[in-house]
Each structure stands twice: as structure tokens, then as C-alpha cells.
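Shown next, in C-alpha cells, is the structure this report addresses.
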Amino acid sequence: MTSNDKKMLRVLRGESINPPPVWLMRQAGRYLPEYRELRKKSKSFLDFCYTPEMAIEATLQPLRRYGFDAAIMFSDILVIPDALGQDVSFVVGEGPKLEPIRTKEALSGLSMDGLHDHLAPVYEVLKGLHRELPKETALIGFAGAPWTLACYMVEGKGTRDFQEPRSWAYTDPEGFGALIDLLVKSLISYLSRQIESGAEIIQLFDSWAGVLSPDQFRKWVIDPNRRVVEALKKAHPAIPIIGFPRGAGLLYAEFARETKVDAVSVDQTVPVDWIRSELQPICAVQGNIDNLALLAGGDALEREIDVAMDALASGPYIVNLGHGILQTTPPEHVDALLRRVAGAR
Ligand code: CP3
């Protein structure tokens, strides 16, 4: 098999494959007992991400169990604020904590100078995986998109609706725009290095795209994603890019057209008939099985899979969830999903 024959890459070039390739967001992580065991060896989550042997092992764990069509390197989107010099930590049971940045003046505390030195372990993870992965498995690199990174950097933690960055973006678009510009520039540099280290596909996670009004969405989601995609395509035209503007609703179509991503990853709120008629003609689609249906398992899960496969598998389609696997998901439910996809038709 040449690398171009990998199922993921064929779909991302526009081919329809039945049964389609499958991988799952957060396929590595705490729902797996072997991950929880490995994780105990590192006291901080960021240290774990920056120790290549740990991150490589965490990436490979779900592949040994399930043999997915893609491996997503084990890391986190918040390594970017960390590498830019912001204080980032993960508090057990609470999630990420950052020293909030809320003014243009505070941006002077961030710098791209140490970016690649700081992120060198991530590039080592990709090089190691490039050597170790089975030949049919595609290697996905990733980053948070500028808006979602800004959400955490400005708010300082996860919230339901990210009022601080949304307010800053209205009251001082120039200052907030300077943060977005810094992130666009950092991501182009970071993702180019990921590609040079062996990533065959890039996914951009814009997990909080859905909290914005349409005009703000165009300004802070579509435009920055478009700039990142354009620069990466110029330097690495053969590398496909998957966009994930979670919660974009009707704006998924405009996102796909304007950013020129090769695929969009779609959340569970979007009707599959609409995905088929409005998105699949523009690009490949990935998604959108409800992660709560995976948690529930049984008939509920099988129904969700059948509905998605019936609507989407005749076009370029990658089976995935609408958002990441939840921590309490029984690992057997992932086996059930894979069996249903393989046997469904
Ligand atoms: O298998 C994979 O998908 C690769 C690993 C991966 C992680 N985070 C590991 C992780 C990926 C792709 C991410 C992306 C990520 N991180 C996103 C975008 C996708 C999404 O879920 O919307 C976001 C918003 C983050 C930020 C983040 N990291 C949060 C909010 C949290 C805490 C919430 C939680 O689930 O605990 C993290 C921590 C994190 N990232 C863990 C893992 C496995 C858990 C920490 C631990 O194991 O101690």
C-alpha cells in the first residue's frame, strides 16, 4: 500500500468508500483503563503531553484495541498558549486554568520566540508515530483554531458561553484582533512543522465556534481559519485539512466554501439530510454520531449509526462523533460502533 491508498486520504480527496473510514475524537484518553494507568506516571497533564514516549504510547493504545483508520497524535490544543508564554495548568476535576489576557497591553507578555523549542516534543511524537504506525493508518496532527484558543486565553478557563472573549471582540476589535493575528501566525508555523514531522492530515478544532453571532462568526471563525488553511495549502498543497467549527449550524456551508477545507467535521445537532444536500457537494464530511449515543450503546447507538450511514455513506464520508468520547463511555461500545459500521451494509 502506498500512503495515498489509505482510506482516510482517499475520502479527503473526494472518493466515496463503503464502509467508510472511522476514527473518533478523543479516541485516546480517560475512558480507557490503560490510559488511566499510563497517566499515573506523570504528575501534570502538560508534562505527560511533552514526554514523547508517553504521548506516543497514549496515541497507540486505542489503535491496538480497535484498529481505527487514523491516529490523532496525543497532545492538547492548549500547548499553544503555553508555548507563547501564558501560564497554563490543568486542575484535576476542574479542567484548564490560564492567567487571563484581556487587554492589548497584556499581549506583550506573549511571544513566538520560543515556540518551536517549546513544542519540540510534539514534533518528536509525530516523528515516532510516523515510524511506528501500521501502514494503513493515517496520522492526524491538530491544533485549536484561533477563536477557540482565544476563548481559553481570555476567559482563563472553560465556561458555557465565553462572555469575556465575546465582549472583548465587540468593545475592542483591534486589540482582540491582534491576539487572533498572533494565533494565526503561530498556528501556520506550528502546523507546518507538524507536517514536516510526519502529520498526513491536519484537523483544526474550533470547539466554541457556536457561541458567536453570524457576523462575529465570519470575522473570528471563518476568516482566521481561512488564513491558516490558505498558508498551509501554499506550503503543503497535498496535505488535507479538516475544519471543525462546532455548533456552526447553517453556517457550516459558508465555512466550508470560504475556508476551502478538504472536509468539515459536523456536530450532532445538524440534520444528516442537510449535511448530504448542502455540505457533501462542497467537501468531504466527518461526523456526526452523538457522543451520548455512544455512551448509551445498544439500540440507540445502532439507530444513530444507521441514520448517518444511510444519508452520508454514498458520498465522501468519515465516521466520527459530533464531539469527543466522554470519560464514562464503556470501551465495548466503541467495538459495537465499529461492528455496526463494518456490517451495516
Ligand atoms: O485522542 C485524542 O483526541 C487526542 C488528544 C486530545 C486531547 N485534547 C487530550 C486531552 C485532543 C485532540 C484534545 C483537544 C482539545 N483540548 C480540545 C478540542 C476538542 C474538544 O473537545 O472540543 C479542547 C477544547 C481542549 C482543551 C481541554 N483539554 C479541556 C477543556 C480539557 C479538560 C476537560 C477534560 O476532558 O478533562 C483538557 C484535558 C485533556 N485533553 C485530557 C485529555 C485526554 C484529560 C486530562 C487528563 O488525562 O488528565
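Whatever order the structure lists ligands and atoms in, that order sets their numbers, starting from 1.
Of all the atoms in ligand 1, the ones that sit under 4.0 Å from a non-hydrogen atom of Phe205 are 12 (C), 18 (C), 19 (C). Listed by number with element, the atoms of ligand 1 under 4.0 Å from a non-hydrogen atom of Phe142 are 11 (C), 12 (C). Close approach of ligand 1 to Pro96 is summarised as follows: ligand atoms under 4.0 Å from at least one heavy atom of the residue are 29 (C), 30 (C), 31 (C), 32 (C). Interface atoms of ligand 1 facing Arg30, defined by a heavy-atom separation under 4.0 Å, are 34 (C), 35 (O), 36 (O), 44 (C), 47 (O). Residue Tyr152 has at least one heavy-atom neighbour below 4.0 Å for each of these atoms of ligand 1: 24 (C), 30 (C).
Using a 4.0 Å cut-off between charged nitrogen and carboxylate oxygen, Arg276 and Asp273 do not count as a salt-bridge pair. By the 4.0 Å N-to-carboxylate-O rule, Glu200 lies close enough to Lys6 to be salt-bridged with it. Under a 4.0 Å N-O distance rule, the pair Lys185/Asp181 does not qualify as a salt bridge. Salt-bridge check for Arg226 with Asp223: passed, with a basic side-chain N closer than 4.0 Å to an acidic carboxylate O. Contact check on Arg102 versus Glu164 returns a salt bridge, with a Lys/Arg side-chain nitrogen under 4.0 Å from an Asp/Glu carboxylate oxygen.
When hydrogens are left out, the protein atom nearest atom 23 (C) of ligand 1 is Ile77 CD1, 3.5 Å; that is the closest non-hydrogen contact. For atom 47 (O) of ligand 1, the nearest protein heavy atom (residue, atom name, distance) is Tyr35 OH, 2.6 Å. In this structure, the protein non-hydrogen atom closest to atom 42 (C) of ligand 1 is Phe45 CZ, 3.5 Å. The single protein non-hydrogen atom nearest to atom 20 (C) of ligand 1 is His323 NE2, 3.1 Å, given as residue, atom name and distance. The shortest contact between atom 1 (O) of ligand 1 and any protein heavy atom is with Ala28 N, 3.0 Å. The protein atom (non-hydrogen) at minimum distance from atom 8 (N) of ligand 1 is Asp76 OD1, 3.0 Å. Nearest protein neighbour of atom 38 (C) of ligand 1, counting heavy atoms only, is Phe90 CE2, 3.6 Å. Nearest protein heavy-atom neighbour of atom 3 (O) of ligand 1: Arg26 N, 2.8 Å.
Residues that satisfy the salt bridge (Lys or Arg N to Asp or Glu O under 4.0 Å) test with Glu15, not counting sequence neighbours, are Arg10. For the ring-ring contact (aromatic ring centres under 6.0 Å, His included) test, residues two or more places apart in sequence or in another chain that qualify with Phe90 are Phe45.
Taking 4.0 Å as the cut-off, Ser75 counts as a neighbour of ligand 1 on heavy-atom distance.
Classified by interplanar angle (parallel below 30°, tilted 30° to 60°, perpendicular above 60°), the ring pair Trp147/Phe176 is perpendicular. Ring geometry, Phe74 versus Phe48: the interplanar angle exceeds 60°, so the pair is classed perpendicular (tilted spans 30 to 60°).
Checking Arg39, Gln27, Lys157 against atom 46 (C) of ligand 1, the nearest heavy atom belongs to Arg39.
Ring centroids of Tyr50 and His118 are separated by less than 6.0 Å, placing the two rings close together.
Residue-level proximity to ligand 1 for Arg246 is absent, since no heavy atom of it falls below 4.0 angstrom.
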